[in-house]
Undergrad: 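So that we are looking at the same thing, I have put the structure below in structure tokens.
Counting convention: from 1, in listed order, for ligands and their atoms alike.
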Amino acid sequence: MNKISVEKIIELKNISNITMITAYDFVSGHIVNNSDAEIILVGDSLGTTTLGHEFTNRVKIEDIIRATQSISRVGITKLMVSDMPFMTYETKELALSNALRLIDAGADAVKLEGGKEKTEIINFLVLNNIKVMGHIGIKPQSVDKISDYKILGKNKIEENNIFEDAKEVESSGAFSVVLELVDSKLSKNITESISIPTIGISSGKYTDGQVQVYNDLIGYSPNKLPKHSKSFDNLFEKAQSAINSFVEETKRKSK
Ligand code: KIV
């Protein structure tokens, strides 16, 4: 099967909804790669789903490098986008050297959080042949209270700000942009006003695609799932039950 390219993702705008799903290791990489999703995101949600941190801003570049390497051993045919963790893209030079480490680990593109304030960085990466996905609206790396997770863009100031962010991320050369917790009407307006695909999470149905977190989708977490997540099963309960069955069987056979 041919590998999905950035050009293919751009082409899908206005043709078909794009699906992006996170993965963090060889097994989740296999499962997502076997689906019809177009993009695998090695998200820094790794920190909360897998490493047990409360917020994503604890994730280090080495965590994402290791996850990217293990997923690339699957032989990925999707577009693989790796997140740049908190504080790894503060200057152009730092951003480029860390982005190159992720590409070296197997990523096809990188994602970073920020609008207007990050356009110089995005543009520098693009000029150095790195494909970049933007991320605006709620930027989880800047969140340190659960109560900060709320829909943005409901008032005029936020609306103008996020709209400008989207326009600037587009003109800095990003090939697509995640809209996280952006008011649905504003998401629709942004989607219709920029030429690159928008990929939404909790931002309504009018974006060009949707992204979800692997553990949320399959219900594989000891924690209550975030309000904006979508869950289609409860694999945490099923895994617990399999483990308990083995322990019970072993105990029953005690001498
Ligand atoms: O890290 C992540 O999983 C993300 C998505 C929620 C977009 O950034």
Undergrad: Is any N or O atom of Tyr24, backbone or side chain, closer than 3.5 Å to an N or O atom of ligand 1?
TA: no
Undergrad: Relative to ligand 1, is His135 under 4.0 angstrom through side chain, backbone, both or neither, heavy atoms considered?
TA: side chain
Undergrad: Specify side chain, backbone, both or neither for Leu41, according to which of its non-hydrogen atoms lie closer than 4.0 Å to ligand 1.
TA: side chain
Undergrad: Over all heavy atoms of both residues, which pair between Ile194 and Ala166 is shortest? Give the atoms and the distance, please.
TA: CG2-O, 4.2 Å
Undergrad: Is a side-chain donor-acceptor pair under 3.5 Å present for Lys116 with Asn161?
TA: yes
Undergrad: Please state which protein non-hydrogen atom is closest to atom 8 (O) of ligand 1 and give its distance, to 0.1 Å?
TA: Lys111 NZ, 2.8 Å
Undergrad: Could you say whether the N/O atoms of Asp44 and ligand 1 ever approach to under 3.5 Å?
TA: yes
Undergrad: Do NZ/NE/NH1/NH2 and the carboxylate oxygens of Glu62 and Arg66 come within less than 4.0 Å?
TA: no
Undergrad: Any nitrogen or oxygen of Thr22, main chain or side chain, under 3.5 Å from a nitrogen or oxygen of ligand 1?
TA: no
Undergrad: Can you tell me which portion of Asp83 lies within the under-4.0 Å heavy-atom range of ligand 1? Options are side chain, backbone, both, or neither.
TA: side chain
Undergrad: Test Thr68 against Ser82 for side chain to side chain donor-acceptor pair (under 3.5 Å), laying out the working first.
TA: CA-CA 7 Å; Thr68 303; Ser82 291; 2.9 Å; yes
Undergrad: Nearest heavy atom to atom 3 (O) of ligand 1: which of Ser45, Gly43, Pro85, Ser229 does it belong to?
TA: Ser45
Undergrad: Between Tyr206 and Thr198, is any side-chain donor less than 3.5 angstrom from a side-chain acceptor?
TA: no
Undergrad: Please determine if Glu248 and Arg252 form a salt bridge, counting it only when a charged side-chain N lies under 4.0 Å from a carboxylate O.
TA: no
